[in-house]
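Right, one structure below, let's go through it.
So you know, we letter chains A, B, ... as the sequences are listed, proteins then strands, and number each from 1. Computed from heavy atoms alone, side chains included, the values below leave out hydrogens, waters and symmetry copies.
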There are 2 protein chains.
Amino acid sequence: MKNNVTMRDIAERLGVSSVTVSKALNDKEGVSDDLKQKIKTVAEEMGYRYNTLAKSMKEGVTYNIGVIIPERFTGAVQSFYLNMYQSISRALEQYGYYGILHILTNYDEKELNLPRIYVEQKVDGFIILGQVGKKYIEKMKSMDLPKVFLDFYDEHAEIDAVITDNFYGAYDITNYIVSQGHRDIAFVGNIYSTSSIQDRFLGYLKSLLEHKIRPEESMVINDRDEEGRYIEMKLPERLPTAFVCNNDQVAHNLIQQLKREGYNVPDDCSVVGFDNDVYATLTEPQLTTVEVNVEEMAGNAAEFIIEKVKNPIKTYGRVSVKGKIIYRDSVKEIKTR
Amino acid sequence: MKNNVTMRDIAERLGVSSVTVSKALNDKEGVSDDLKQKIKTVAEEMGYRYNTLAKSMKEGVTYNIGVIIPERFTGAVQSFYLNMYQSISRALEQYGYYGILHILTNYDEKELNLPRIYVEQKVDGFIILGQVGKKYIEKMKSMDLPKVFLDFYDEHAEIDAVITDNFYGAYDITNYIVSQGHRDIAFVGNIYSTSSIQDRFLGYLKSLLEHKIRPEESMVINDRDEEGRYIEMKLPERLPTAFVCNNDQVAHNLIQQLKREGYNVPDDCSVVGFDNDVYATLTEPQLTTVEVNVEEMAGNAAEFIIEKVKNPIKTYGRVSVKGKIIYRDSVKEIKTR
DNA sequence: CTGAAAGCGCTTACAG
DNA sequence: CTGAAAGCGCTTACAG
């Protein structure tokens, strides 16, 4: 079924042992340069391909990393995590590892079913991309493989996490809005739903406090229900002059809603997002937002998990990656009253 | 490093042989039901996990399928193929297989470097997602593993392909436009760049011919260069009343351009897309388009490749999956003159 | 510098 | 119904 040239075949052809072939092909000591060359040439000629499986078996290592994305983050339009997966996949390849994507279904999450790639020992570790439920996190602790959380963290879990700097990102962009003369600034997001949103809210809050702007409860607008589904937003009676949204998609939704109600962005009010994903440039006007450094986050996660595979004792704690503000057209300077 | 409970451990605990354990755990004949039960219970107790690697080694099968996506189809916004990858990944899992994503870089494509997952024998077959260059297709033929093309095909290659029904999709949607009273209908797309675009163009053409509408060369508008980069489009002197775009993103670009030039869609002219991806709903107005049946395409590709792994002789030829028109707001009925 | 032996964890005949 | 032997393709000590 396959070509199946093995080291032994090469050895026989040359009248040496397979041990020698193994050494030569792996550039190990103990074979004369002459023979080494000859072996390599013959291997090439015979179309030899290295059999990773055999090595894996011997070493008890699969050279695969499972990447788990909860189903709810993979809607048709939610390209953000799939994009990040792509970066992870590339980063892992640098280390000779490969990513196996596993979409965690809502059902399996609820029933606490561990991924089959774990049960079948297909992977050496996991990157969990996107917040999963607390109970499932608990359950995952029973898996005796290293794990890295990506783009979220859990306060109770001592699992390493790579996150975007939500707090300072939101802080910075709120500062920018304030610098444009705004004082009535709302935050849009369900602050109880994920750690990222909560941190973004707190960054927003810090900016307000620093500028002696009194935060008001009516200025926090809920955008989604417990299950993460987006809901119609209730705008405050007195319209704020600016909205800090917890992500670009919500900013997009908000702008649509504002338009429907007859408001113009940014003339009547400014709106900023977070993530710099598809929505940022497809919204009219294009969004001023915080760009998340996907490459670096993916790179870190890959590096960490591979180090942890080699040395499970290793820990990194919570590592946050700086984002940066992308200035576009959704914010307008206003005269301070 | 791992828990490493093996069949032998279970066997020793029970005073039987590992052969018996293997049989019991795999529900094979030749073990009394009684013993079978006992073995399963003990396995559970000891936290035994099946070692796929060992099985793979024995059988010479990896249970992995490589999914190759050319780099140029994975831009930040190009979620379409990543989405399809996700569906493939799910479909494969049904068969006990896993997908390994490999992004084919422009460099590797040009240099004709085969993917490392092939060289290292990490996979049993390939799904190639998105048109790759002719030379690379030739090169890939040297890989002695089954392959399935997904979302494109190559006339010279006798490789099985799963495609969306581009021809009839474009034909149907053009018919719809004609039924809305349009006669001046342009096609937008570089008809030399991919087989899909070409087929969509031909579907458009068939509809025109059937309705005795004389096709004009000026009515074919180029949207991208040889490398697939989008370019500014040249609108014809006399504006057609409708545009059939080869995909949603292009439709989106076109609408932006029309807006800039002071035209209103659909009042001044109608525009339709193809794919029903992110752009379809994010464009204003939302696009009438042809929805590609991603699930079914992914499902077919997965099924085919796995059958071919089991039986390399098997061929499927070119299988096209029907799409369907999604009616939205970008087409307006006009009075026939 | 070269190689025989043992083993990674499982399964497939085959023998009892 | 149960199990000893051999083998999948490689590598790791160890011996010569």
Side-chain angles (χ1 to χ4, degrees), chain A residues 1-40 42-43 46-64 96 118-124 144 309, chain B residues 1-40 42-43 46-64 96 118-124:
Chain A
M1 210 148 141
K2 298 218 197 155
N3 78 9
N4 273 344
V5 179
T6 70
M7 287 189 181
R8 176 140 59 203
D9 297 331
I10 300 173
E12 273 169 19
R13 174 89 87 91
L14 284 164
V16 298
S17 83
S18 61
V19 176
T20 304
V21 174
S22 169
K23 283 176 186 159
L25 259 26
N26 287 298
D27 268 326
K28 294 245 168 96
E29 304 251 294
V31 191
S32 65
D33 284 353
D34 217 40
L35 184 53
K36 215 178 240 181
Q37 256 319 315
K38 210 179 294 172
I39 289 175
K40 284 185 179 173
V42 172
M46 298 177 73
Y48 174 75
R49 285 187 292 142
Y50 190 87
N51 188 326
T52 322
L53 240 42
K55 188 187 184 197
S56 291
M57 252 280 288
K58 194 75 177 61
E59 299 178 352
V61 174
T62 67
Y63 295 102
N64 293 145
Y118 170 70
V119 178
E120 294 176 356
Q121 304 205 54
K122 289 280 284 189
V123 296
D124 303 330
D144 56 337
V309 165
Chain B
M1 205 147 142
K2 298 219 194 152
N3 77 13
N4 272 347
V5 179
T6 70
M7 286 189 181
R8 177 138 62 202
D9 297 331
I10 300 172
E12 271 169 19
R13 174 89 85 91
L14 283 165
V16 297
S17 82
S18 59
V19 176
T20 305
V21 173
S22 170
K23 284 175 185 159
L25 259 28
N26 287 299
D27 268 327
K28 294 245 168 96
E29 305 252 294
V31 190
S32 66
D33 285 354
D34 218 39
L35 184 53
K36 213 178 241 182
Q37 256 319 315
K38 212 179 290 172
I39 290 175
K40 285 184 178 174
V42 172
M46 298 175 74
Y48 173 74
R49 284 188 293 141
Y50 191 87
N51 187 326
T52 321
L53 240 42
K55 190 189 184 194
S56 291
M57 252 279 287
K58 194 75 175 61
E59 300 179 352
V61 174
T62 66
Y63 295 102
N64 292 145
Y118 170 70
V119 179
E120 293 176 356
Q121 304 206 53
K122 289 280 285 189
V123 297
D124 303 330

Q | Heavy-atom neighbours of B/D34 CG exceed 12 at 6.0 Å | A |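 Not buried by this count: 12 neighbours or fewer within 6.0 Å.
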Q. In residues 28-38 of chain A, which residues come under 4.0 Å of DNA chain C by heavy atom?
A.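 A/G30, A/V31, A/S32, A/L35 - these, ordered by number, are the residues of the stretch whose heavy atoms sit under 4.0 Å from the strand.
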Q.
Counting only side-chain nitrogens and oxygens, does B/T20 get under 4.0 Å of the OP1 or OP2 atom of D/dG3?
A.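 It does, given that an N or O in the side chain of B/T20 lies less than 4.0 Å from OP1 or OP2 of D/dG3.
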Q) For C/dT11, does OP1 or OP2 lie under 4.0 Å from any side-chain N or O of B/S22? A)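 Looking at the OP1 and OP2 atoms of C/dT11, one of them is under 4.0 Å from a side-chain N or O of B/S22.
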Any donor-acceptor pair under 3.5 Å linking the side chain of [X] with the backbone of [Y]?
X: A/K36; Y: A/K23; answer: no
X: B/E120; Y: A/N51; answer: no
X: A/T62; Y: A/K122; answer: yes
X: A/S18; Y: A/A11; answer: no
X: A/R13; Y: A/V42; answer: no

Q | Dot-bracket encoding of pairs in DNA chain D, which uses [ ] for pseudoknotted crossings and | for another strand, Watson-Crick or G-U under 3.5 angstrom | A | |||.||||||||.|||
Q: Please report the C-alpha distance between A/V119 and B/Y50 in whole Å, then the side-chain angles of each, then the deciding distance to 0.1 Å, and finally whether the side-chain contact (heavy atoms from CB on, under 4.5 Å) criterion is met.
A: CA-CA 7 Å; A/V119 178; B/Y50 191 87; 5.9 Å; no
Q: Check step by step if side-chain contact (heavy atoms from CB on, under 4.5 Å) holds for B/L53 and A/S56.
A: CA-CA 7 Å; B/L53 240 42; A/S56 291; 3.5 Å; yes
Shorter than 3.5 Å, N or O on both sides, protein versus nucleotides 4-9 of chain C: list them out with atom names.
residue	atom	partner	partner atom	Å
C/dG9	N2	B/A54	O	3.4

Q.
Whether B/D33 and B/K38 form a salt bridge (side-chain N of Lys/Arg under 4.0 Å from carboxylate O of Asp/Glu) is what I want to check.
A.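 Salt bridge between B/K38 and B/D33, a charged N being under 4.0 Å from a carboxylate O: no.
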Q: Using whole Å, report how far CD1 of A/I39 lies from P of C/dC1.
A: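 About 13 Å, once rounded to whole Å.
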(Q) Measure CD/A/E120 against P/C/dC10 and give the value in whole Å, please. (A)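 The answer, rounded to whole Å, is 13 Å.
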Q | Steps toward side-chain contact (heavy atoms from CB on, under 4.5 Å) verdict (B/V5, B/R49) | A | CA-CA 7 Å; B/V5 179; B/R49 284 188 293 141; over 6 Å; no
